[in-house]
Structure formats: C-alpha cells, structure tokens
Amino acid sequence: MARAHIIGSGFVVGEHKVTNHDLTKLMDTSDEWIRKVTGIEERYYVKDGTTTSDLGVRAAQKALEDAKVSKDQIDYVVFATMTPDYYFPGNGSLLQRKLGLGNIPCLDIRQQCTGFIYGLQVADALIASGAAKKLLLIGAEIHSGFMPWKHWDYLFGTSAEGPSEADKAWNSQFRDRAVIFGDAAGAIVLEPSKDDSGCLGFALHADGESVEDLFVNTGGMAFRPYMSEAHLKEARLVPAMNGRQVYRMAVTRMPDVVKEVCAQQGVAVEQIDLLIPHQANLRINEAVQRALGLPDERVYNNIQRYGNTTAATIPIALHECRRAGRIKKGDLVCFVGLGSGFHWGAALLRA
C-alpha cells in the first residue's frame with residue numbers, strides 16, 4: 001500500500017511577539033525563572049479577532065505554496081486543535097470555507113499535544129486506502145484565550161494603563177501555566193509516496209486514568225450550563241495542571257514509545273537521523289534525549305522562540321528543519337509527543 005509522503009510545509013505565528021520580560025508587566029515572574037524551568041524565551045499571541053482557523057488557513061497557504069500544489073488539488077483535510085473557534089463545529093469546515101476548497105471531507109482531531117501525530121496516522125491511512133490523493137494536515141492553536149489577564153493592550157505596548165497590584169497578584173496564581181503557551185499554526189501537504197519514503201509506522205497510546213492532571217475543568221457537558229459565571233470567576237478557563245506528574249509521564253513514556261516504534265520497524269534508535277519532539281518544555285526534551293542517548297545534532301528544539309503551541313509544535317519544527325537542510329533525502333525522522341488525555345505516541349518517517 002502507498003505511504004503518505006510530505007511534499008510541502010509551512011507555519012505562521014500570532015501577530016504579537018511577547019518576551020519573558022513582557023510577561024513581568026502582568027505578573028510576578030522573571031526571565032531567569034522562565035528560562036530555567038521551561039527553556040522558553042519568547043512566544044507569540046494573536047491580535048484580538050484572529051481565530052485558530054485563521055492561523056490554520058495562513059499556514060495551509062504556505063504549505064500549499066511550498067508543495068507547489070493548488071488548493072483545487074486537495075481532496076481531504078485533517079485539522080488538529082484543542083482550541084477550536086467554536087464549541088462546535090470543528091475547524092475543518094471553517095478552514096474549508098475560508099480557503100475556498102471544494103466540498104471535500106474535513107476531519108477534526110482532538111488529541112491535544114499529540115494531535116499532529118494522531119492526525120498524521122489518520123492521513124497515512126487515508127492515503128494508503130486510496131480515500132485521499134492529496135491531503136492537507138493542519139495543527140493550529142490559540143492559547144491566549146486561556147489567559148486570565150485584562151490588560152492586553154498594556155502587554156502589547158499600545159496602552160499605558162497597566163494592572164493594579166491586586167490584578168498582578170491574581171495573574172501570578174497562574175504563572176506556571178501562563179508562561180508556557182503561544183499561538184501558532186503549522187501545516188503539511190501529503191500525497192502517496194513514489195519510492196520508499198514516507199510514513200513507516202506509528203506507536204500510539206492513551207490512558208484516561210490521569211485526566212485530571214491536565215485538563216480544563218469547565219466548558220463541557222459535565223456541567224449544566226456547560227459554562228457558568230461561577231466558573232469564570234474561579235478562572236476555570238485556565239488549564240489545571242499537575243506539572244510534576246506530567247513531567248514524570250513525559251520523560252518515561254516518550255523515550256519508551258520511540259523505542260517501540262523503532263522496534264516495530266526493525267531499526268535501532270541510534271539510526272534515527274533527527275528526532276523532533278513535541279515542544280512542551282525544553283527540560284522534558286533534554287531528559288528524553290538523554291534517555292535515548294542521541295547527540296545534540298540529532299534532536300531539534302525550538303520552544304525557546306515559540307513556547308508550547310500544542311498541535312502546531314511538530315509541523316513548525318519540521319518546516320524549520322526542512323528549510324535549514326537538517327533533513328536530507330533518505331533520512332530517518334521520528335516525531336514523539338505526550339499530552340492531555342493522556343495521549344502519547346511516536347511516528348517514524350523516511351524523508
């Protein structure tokens with residue numbers, strides 16, 4: 001059966017660059033602390049009115065241009081996001097409308113930080129079955145909507161009115177999560193491979209036992225109404241996270257699943273030419289790298305510049321590696337990630 005092969009990629013970020021120093025305007029934090037704990041130096045937030053589907057469209061246009069494929073040639077869309085424009089419908093049909101595609105199937109994937117890897121397996125299966133010939137896979141997120149801040153104009157330097165001490169104290173409750181996330185989108189175009197390149201295999205897992213260690217405790221049908229004024233006052237829109245438990249899971253399950261997918265395909269971990277991990281935390285990725293015994297030149301990280309952009313992290317990193325010549329024809333490339341759900345997995349590709 002045909003394998004899905006990546007022929008184009010592209011990405012975009014939010015309109016506003018926000019440094020660690022900028023965040024000190026809103027809460028009690030520091031550039032030194034953020035770098036030490038997360039490795040992040042800056043991230044991007046969208047301007048008011050930009051939606052996740054807007055970012056997806058912009059990234060998709062860049063990927064189509066890179067692939068030299070017209071939008072009329074796309075016959076399937078897979079859109080991965082945990083931050084859709086609306087509760088429903090999903091973003092696939094919104095992108096279809098904004099991009100001006102035909103009445104093609106548009107599928108939405110909801111696996112958070114492993115959304116792109118799950119979406120890639122779905123794309124590979126659709127192409128292998130003949131259900132898709134040229135498929136557009138998007139990972140896009142707007143996390144700034146989670147933030148509990150009021151003074152966006154002050155953050156962006158367009159207003160002199162900053163937060164009160166009470167406001168800063170309120171914001172500071174969430175600094176462990178608020179410093180992590182950014183807004184961005186990445187996209188790839190796939191088609192059937194004409195040689196031995198493309199997706200080789202996947203190892204994907206899920207375990208719902210620890211859902212409450214990373215989730216948003218509002219906005220669903222577990223509540224009536226699904227969003228209440230009380231929930232807003234309690235800042236339940238901000239993700240709840242047990243950071244230590246997430247770290248423990250990531251640094252064990254991510255190396256294990258890389259070894260699993262390599263064993264499935266009969267290759268050694270040492271044969272991986274480039275590992276592109278999900279960019280949740282640089283310290284996690286450094287621990288994964290040590291567990292796998294891979295040298296620096298075989299692991300790519302860019303969380304320093306973008307923060308955690310969930311489903312967008314891997315396609316952004318992939319595009320940067322393709323543009324910089326970090327991926328050559330025939331290279332063995334591995335994607336790996338873990339996220340809320342909990343979902344984790346790895347994908348192995350031949351460039």
Side-chain angles (χ1 to χ4, degrees), residues 8-16 18 43-67 69-120 122-123 126 132 134-147 152 181-190 216 219-220 226-227 237 239 278-279 306-316 318-319 339-340:
S9 58
F11 78 94
V12 296
V13 296
E15 295 90 348
H16 295 285
V18 176
R43 76 288 293 146
Y44 293 82
Y45 295 146
V46 296
K47 66 181 182 181
D48 191 25
T50 298
T51 68
T52 304
S53 65
D54 290 335
L55 291 184
V57 167
R58 296 170 194 173
Q61 289 170 330
K62 288 181 177 291
L64 290 169
E65 181 180 356
D66 183 54
V69 167
S70 73
K71 64 182 181 181
D72 297 331
Q73 293 175 271
I74 298 298
D75 58 5
Y76 217 111
V77 168
V78 178
F79 200 124
T81 185
M82 71 170 191
T83 55
D85 295 11
Y86 307 114
Y87 190 89
F88 72 88
N91 274 8
S93 57
L94 298 175
L95 178 134
Q96 179 268 342
R97 180 179 69 181
K98 293 177 180 180
L99 197 53
L101 303 177
N103 298 137
I104 60 174
C106 297
L107 179 64
D108 292 275
I109 296 288
R110 218 21 224 285
Q111 267 64 44
Q112 294 68 251
C113 293
T114 50
F116 183 80
I117 298 176
Y118 268 75
L120 185 60
V122 170
L126 288 166
K134 279 191 170 54
L135 185 146
L136 187 58
L137 172 59
I138 302 103
E141 308 286 356
I142 290 181
H143 295 111
S144 50
F146 288 136
M147 304 305 169
W152 287 100
F181 296 106
D183 301 342
I188 60 174
V189 179
L190 303 109
V216 176
Y226 68 88
M227 184 75 71
L237 287 175
H278 165 58
Q279 306 291 304
Y306 307 113
N308 180 353
T309 59
T310 303
T313 67
I314 290 175
I316 290 173
L318 171 66
H319 180 77
S340 174

Participant: Are the side chain of E15 and the backbone N or O of K47 linked by a donor-acceptor pair below 3.5 Å?
Facilitator: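 Checking the backbone N and O of K47 against the side chain of E15, a donor-acceptor pair under 3.5 Å is found.
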
Participant: Determine yes or no for a side-chain-to-main-chain donor-acceptor pair under 3.5 angstrom, with Q111 supplying the side chain and Y118 the backbone.
Facilitator: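 No: the side chain of Q111 does not pair with the backbone of Y118.
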
Participant: Look at the side chain of T313 and the backbone N and O of H278, then say whether any donor-acceptor pair between them is shorter than 3.5 Å.
Facilitator: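 Not a single qualifying donor-acceptor pair exists.
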
Participant: Using modelled atom types only, decide if a donor and an acceptor are shared between the side chain of T83 and the backbone of I142 within a distance under 3.5 Å.
Facilitator: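 Flag set: sc T83 to bb I142 pair under 3.5 Å.
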
Participant: Would you check if the side chain of N308 reaches a backbone N or O of F181 as a donor-acceptor pair within less than 3.5 Å?
Facilitator: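 Here the side-chain-to-backbone pair does not exist.
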
Participant: Between the side chain of Q96 and the main-chain N/O of G102, is any donor-acceptor distance below 3.5 Å?
Facilitator: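 Indeed, once roles are kept as given, a pair shorter than 3.5 Å links the two residues.
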
Participant: Quick one: does any side-chain atom of D85 pair with a main-chain N or O of N91 as donor and acceptor, under 3.5 Å?
Facilitator: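 Such a contact is absent between D85 side chain and N91 backbone.
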
Participant: Pair L126, V78 - check side chain to side chain contact (heavy atoms under 4.5 Å, CB included), show working.
Facilitator: CA-CA 10 Å; L126 288 166; V78 178; 4.3 Å; yes

Participant: Please work out which of the three classes, parallel, tilted or perpendicular, describes the rings of Y45 and W152, given edges at 30° and 60°.
Facilitator: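 Because their plane-to-plane angle is over 60°, the rings of W152 and Y45 count as perpendicular.
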
Participant: Between E141 (side chain) and M82 (backbone), is there a donor-acceptor pair under 3.5 Å?
Facilitator: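 Yes, E141 side chain to M82 backbone: donor-acceptor pair under 3.5 Å.
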
Participant: For the backbone of D183 and the side chain of R43, can you confirm whether one donor and one acceptor N or O come within less than 3.5 Å of each other?
Facilitator: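 Such a contact is absent between R43 side chain and D183 backbone.
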
Participant: Judged by atom type as modelled, is there a donor-acceptor pair below 3.5 Å linking the side chain of D66 to the main-chain atoms of A63?
Facilitator: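 No, because the side chain of D66 does not come within donor-acceptor range (under 3.5 Å) of the backbone of A63.
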
Participant: Passes side chain to side chain contact (heavy atoms under 4.5 Å, CB included), L99 versus L64? Steps please.
Facilitator: CA-CA 11 Å; L99 197 53; L64 290 169; 4.3 Å; yes

